Undergrad: 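Handing you this structure, nothing more for now.
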Amino acid sequence: MARPNPLSGFPEWLPDGRVVEQHVLKVLQHTFELHGFAGIETRAVEPLDQLLRKGETSKEVYVLRRLQADPEEPEAGDKQLGLHFDLTVPFARYVLENAGRLAFPFKRYQIQKVWRGERPQEGRFREFVQADIDVVGAGELPYHYEVELPLVMAEALGALRAIGVPEVRILVNNRKVAEGFYRGLGLDDVEGVLRQVDKLDKIGPDAVAELLVAEQGATPEQAKACLELAAVSGTDASVVEQVRALAASYDAVTDLLETGLAELRALVEAAAQRAPGVVVADLKIARGLDYYTGSVYETVLVGHEQLGSICSGGRYDTLASDGKNTYPGVGLSIGVSRLVSRLLSANLVTATRGVPTAVLVAVADEESRGASDDVAAALRARGIPVDVAPTAAKFGKQIKYADRRGIPFVWFPGAPGEDGVRGPDQVKDIRSGAQVDADAAAWEPPAEDLWPRVMPAGE
RNA sequence: GUGGCUAUAGCUCAGUCGGUAGAGCGCCUGGUUGUGGUCCAGGAGGUCGCCGGUUCAAGCCCGGUUAGCCACCCCA
């Protein structure tokens, strides 16, 4: 078979990259659990009609079909299935399905692959891992969760700084602020205005103003107000005063705006105390998705803003609804693959090795392989990951075998002397070359060499 | 889905005016007395993405196709 080429958009890491990814996943899971989120996993597929609820994204859903199914005949009795393209839709379905057995407010984390039929690009994949946290309430959900959730993410991402992940900025806004402001101005197509404002970074304020006038029917005065709102950002409650003053100057103060501002203030003030500098109120954050109703979040890696958001989400008053009960939620999702791919490609983070092995036991000749296996067993019994050399090649080659894999120690079983008595074993640290007598029943590697570690690159 | 660019050794890339293919790195072997990395010598490895056309002759020119990259859309 000819050598296959990688499939674009379906990332696969080499073993040392996987070590980095698994470390990231472990830190995220640990942080989520520290905050009381329960882990769940949902199936990879959902009925297509469920998946299409999210509108625009529907074009990107991969549908599932048996190879032998007749394309003309609809699947008898079965609903058409598609791979989930996020973890929110499956979670909403899960909540409805298990509403009677769950305790609300329900806090869950979920780390799984998702699939989107997109055109791949750096940091944009067709198969990737998301790590979600959500809190969902029955009927109501207190606002303070909108403060808590981004702070959990700030803590999780902050914990990753130890391995070389750059600082993050969690940009926050509140739909009620935007909607209240626009309506106060007399602009009723809130979604339309948000979509235009969302283009600010890409096409600039002048072009957005033109679009607002041309597409949304705004007056130049209204467009100017929208841009002024979008220009507001900051890390403390002064942004609230700025917005209020701005609204007052256009006589656009509404109850909804005031509600939103109170919420935004609570978030900014709590963040200033618990995660100073991380959470930034940014009134131009729009988020295209229309189901957000309160706080919205986007997260960028400082110095890697072009990568896009690595962690986004928001509040949705109707995460799930069975017609009788509604379940409001708030959640955020980390794009683990997007984050990890940048950590690896920009050489920000490295693993000390791609294999778990701390010690390679050399084999002098095939007759004495048993002695090497005995050493390996003794070390493993004490929790040390060990491999035995594949062939009784020259010791130079066996050392090379270890070196290529990043295995720090090579163990030489003692050779029988003239008297037939086996001499002492020796262990060599192949980084320093230091070689000393050692006993497999007692020797231990330095703690930092026991398992692969993940650390900032270039140290 | 729309547009632009690219495709030569495992990797990164040269290849002039069309004249049968190159470097660096990596890999393998050796430099005798079980011990790697440096150094030296040697070696393996390519249907120039694929199909067709022009030409005496195509890696190079033309058409198609596939894949990849980038931007848009959208988003993690």
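Note that this is a predicted model, so its numbers are computed, not measured. In the text below, chain A, chain B and the rest are named by the order of the sequence lines, each starting its count at 1.
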Undergrad: What distance, rounded to whole Å, do you find between the two C1' atoms, one in rC60(B) and one in rU54(B)?
TA: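 These two C1' atoms come out 14 Å apart once rounded.
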Undergrad: Side chain of Arg195(A), base of rC74(B): donor and acceptor closer than 3.5 Å?
TA: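 Flag unset: no donor-acceptor pair detected.
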Undergrad: Could you tell me if Gln110(A) and Asp132(A) have a donor-acceptor pair between their side chains, going purely by distance under 3.5 Å?
TA: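 Result is no, nothing qualifies.
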Undergrad: Across all strands shown, which nucleotide pairs with rA41(B) by Watson-Crick or G-U wobble geometry, both distances under 3.5 Å?
TA: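 Per the H-bond distance test, rU29(B).
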Undergrad: Both distances under 3.5 Å, Watson-Crick or G-U wobble: report the partner of rC72(B), or none.
TA: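 Paired with rG1(B).
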Undergrad: In whole angstrom, what separates Glu305(A)'s CD from rC75(B)'s P?
TA: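 Rounded to whole Å, this separation is 20 Å.
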Undergrad: Would you indicate what Tyr401(A) reaches in the nucleic acid, counting non-hydrogen atoms under 4.0 angstrom: base, sugar-phosphate, or nothing?
TA: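 Nothing, no nucleic acid heavy atom in range.
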Undergrad: Mind calculating the distance between CD1 (Ile399(A)) and P (rG37(B)) to the nearest angstrom?
TA: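 About 9 Å, once rounded to whole Å.
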Undergrad: Taking only side-chain nitrogens and oxygens of Ser8(A), does any of them come within less than 4.0 Å of OP1 or OP2 of rC69(B)?
TA: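 True: Ser8(A) side-chain N/O within range (under 4.0 Å) of rC69(B) OP1/OP2.
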Undergrad: Can you check the distance between rG31(B) and rA23(B), where both ends of the measurement are the P atom (answer in whole Å)?
TA: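 The same atom, P, in both gives a distance of 26 Å.
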Undergrad: Between atom CG in Leu360(A) and atom C1' in rU35(B), what is the gap in whole Å?
TA: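 That distance rounds to 13 Å.
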Undergrad: If you look at every strand shown and take non-hydrogen atoms under 4.0 Å, does Lys397(A) touch a base, only sugar-phosphate, or nothing?
TA: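 Contact class for Lys397(A): sugar-phosphate only.
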Undergrad: Compute the centroid of each ring, for Phe32(A) and then for Tyr109(A), and state whether the two points are separated by less than 6.0 Å.
TA: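 Yes, ring centres under 6.0 Å apart.
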Undergrad: In whole Å, what is the span from the CG atom of Asp429(A) to the C1' atom of rU35(B)?
TA: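 Rounded to the whole Å, the gap is 14 Å.
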Undergrad: Tyr292(A) and Asn173(A): side-chain donor and acceptor closer than 3.5 Å?
TA: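 Judged by distance alone, the side chains do not pair up.
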Undergrad: For Arg431(A), report the nucleic acid contact type (base, sugar-phosphate, nothing); a contact means any heavy atom under 4.0 Å.
TA: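 Base, at least one base atom sits under 4.0 Å.
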Undergrad: Do the side chain of Arg380(A) and the main chain of Pro385(A) share a donor and acceptor less than 3.5 angstrom apart?
TA: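 No: the side chain of Arg380(A) does not pair with the backbone of Pro385(A).
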Undergrad: For a quick check of understanding: with a heavy-atom distance under 4.0 Å over all strands, which category does Gly396(A) fall into, base, sugar-phosphate or nothing?
TA: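 Sugar-phosphate: the residue Gly396(A), judged by heavy atoms under 4.0 Å, touches backbone atoms but no base.
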Undergrad: Which value, in whole Å, describes the distance between the C1' atoms of nucleotides rA14(B) and rA9(B)?
TA: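 rA14(B) and rA9(B) have their C1' atoms separated by 13 Å.
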Undergrad: Using heavy-atom distances to pick each residue's nearest nucleotide on RNA chain B, tell me which of Lys400(A) and Thr299(A) is more 5'.
TA: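 Its nearest nucleotide being more 5', the pick is Lys400(A).
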Undergrad: Between rC25(B) and rC40(B), how far is it from one P atom to the other, in whole Å?
TA: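 Each nucleotide's P atom is 10 Å from the other's.
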Undergrad: Now, which nucleotide makes the Watson-Crick or G-U wobble pair with rC11(B), with each of the two distances under 3.5 Å?
TA: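 Base partner found: rG24(B).
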Undergrad: Determine the minimum heavy-atom distance between Pro445(A) and Phe409(A), stating which atoms define it.
TA: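 Looking at all heavy atoms of both residues, the closest pair is CB-CE1, 3.9 Å.
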Undergrad: Atom NZ of Lys113(A) to atom C1' of rA76(B): distance rounded to whole Å?
TA: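 Interatomic distance, NZ of Lys113(A) to C1' of rA76(B): 15 Å.
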Undergrad: Both conditions, 6.0 Å and 45 degrees, for the charged tip of Arg315(A) above the ring of Tyr291(A): are they met here?
TA: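 That pair does not qualify as a cation-pi contact.
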Undergrad: Could you work out which one of rA76(B), rC72(B), rC74(B) sits closest to the side chain of Ser312(A)?
TA: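 Ranking rA76(B), rC72(B), rC74(B) by closest atom to the Ser312(A) side chain puts rA76(B) first.
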Undergrad: What's the gap between rG64(B) and rG45(B) when it is taken at their P atoms, as a whole Å value?
TA: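 Pairwise P distance, rG64(B) against rG45(B), rounds to 37 Å.
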Undergrad: Quick check: on RNA chain B, is the nucleotide nearest Arg338(A) upstream (toward 5') of the one nearest Ala364(A), or the reverse? Name the residue that is more 5'.
TA: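 Between the two, 5'-proximity favours Ala364(A).
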Undergrad: Applying the Watson-Crick and G-U wobble criteria at under 3.5 Å, what pairs with rG52(B)? Answer none if nothing qualifies.
TA: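 In the structure as shown, rG52(B) has rC62(B) as its Watson-Crick or wobble partner.
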Undergrad: Nearest to the Arg404(A) side chain among rG34(B), rC27(B), rG3(B), which nucleotide is it?
TA: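 Among the listed nucleotides, the one closest to the side chain of Arg404(A) is rC27(B).
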Undergrad: Could you say whether the aromatic ring of Phe125(A) and the base of rA76(B) stack, counting only centre distances under 5.5 Å and plane angles under 30°?
TA: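 So Phe125(A) does not count as stacking on the base.
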Undergrad: Taking the minimum atom-to-atom distance to the side chain of Glu60(A), which one of rC75(B), rC74(B), rG68(B) wins?
TA: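 Per side-chain heavy atoms of Glu60(A), the pick is rC74(B).
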Undergrad: Can you tell me how far C1' in rU55(B) sits from the matching atom in rC61(B), rounded to whole Å?
TA: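 It works out to 10 Å between them.
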Undergrad: Between rU47(B) and rG30(B), how far apart are the two C1' atoms, rounded to whole Å?
TA: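 It comes out at 33 Å once rounded to the nearest Å.
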Undergrad: Roughly how far apart, to the nearest Å, are rA58(B) and rU2(B) at atom C1'?
TA: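 Pairwise C1' distance, rA58(B) against rU2(B), rounds to 33 Å.
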Undergrad: Check the chi torsion on rG34(B) and let me know: syn if it falls within 90° of 0, anti if not.
TA: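 Nucleotide rG34(B) adopts syn.
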Undergrad: Assess Arg108(A) against Phe106(A): is NZ or CZ under 6.0 Å from the centre of the six-membered ring, and within 45 degrees of the ring's axis?
TA: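 No; the conditions do not both hold, so Arg108(A) does not lie above the ring face of Phe106(A).
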Undergrad: Counting any heavy atom closer than 4.0 Å, what does Ile430(A) reach on the DNA or RNA strands: base, sugar-phosphate only, or nothing?
TA: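 Base, at least one base heavy atom under 4.0 Å.
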Undergrad: Could you let me know what rU6(B) is paired to, Watson-Crick or G-U wobble, both distances under 3.5 Å, or none if it's on its own?
TA: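 Paired with rA67(B).
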Undergrad: Do Glu118(A) side-chain and rA76(B) base share a donor-acceptor contact under 3.5 Å?
TA: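 Per atom types, the contact qualifies.
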Undergrad: Mark yes or no for a side-chain to base donor-acceptor pair under 3.5 Å between Asp403(A) and rG37(B), with no hydrogen or angle criteria applied.
TA: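 When only heavy-atom distances are counted, Asp403(A) does not reach the base of rG37(B) through any donor-acceptor pair under 3.5 Å.
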Undergrad: Just the rounded figure in Å: distance from P of rU33(B) to NZ of Lys394(A).
TA: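 After rounding, the reported distance stands at 6 Å.
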Undergrad: Rounded to the nearest Å, what distance is computed from the CZ atom of residue Arg119(A) to the P atom of nucleotide rU2(B)?
TA: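 After rounding, the reported distance stands at 7 Å.
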Undergrad: Output the single nucleotide from rC75(B), rA71(B), rG36(B) whose closest atom is nearest the side chain of Lys428(A).
TA: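 Side chain of Lys428(A) sits closest to rG36(B).
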Undergrad: Calculate the interatomic distance between Arg126(A) atom CZ and rA76(B) atom P; express it in whole Å.
TA: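 Nearest whole value for this atom pair: 18 Å.
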Undergrad: Do the two ring centres, one from Phe10(A) and one from Trp115(A), sit under 6.0 Å apart?
TA: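 No; Trp115(A) has its ring centre 6.0 Å or more from that of Phe10(A).
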Undergrad: Do Gln398(A) side-chain and rU35(B) base share a donor-acceptor contact under 3.5 Å?
TA: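 For Gln398(A), whose side chain was compared with the base of rU35(B), there is no donor-acceptor pair (under 3.5 Å).
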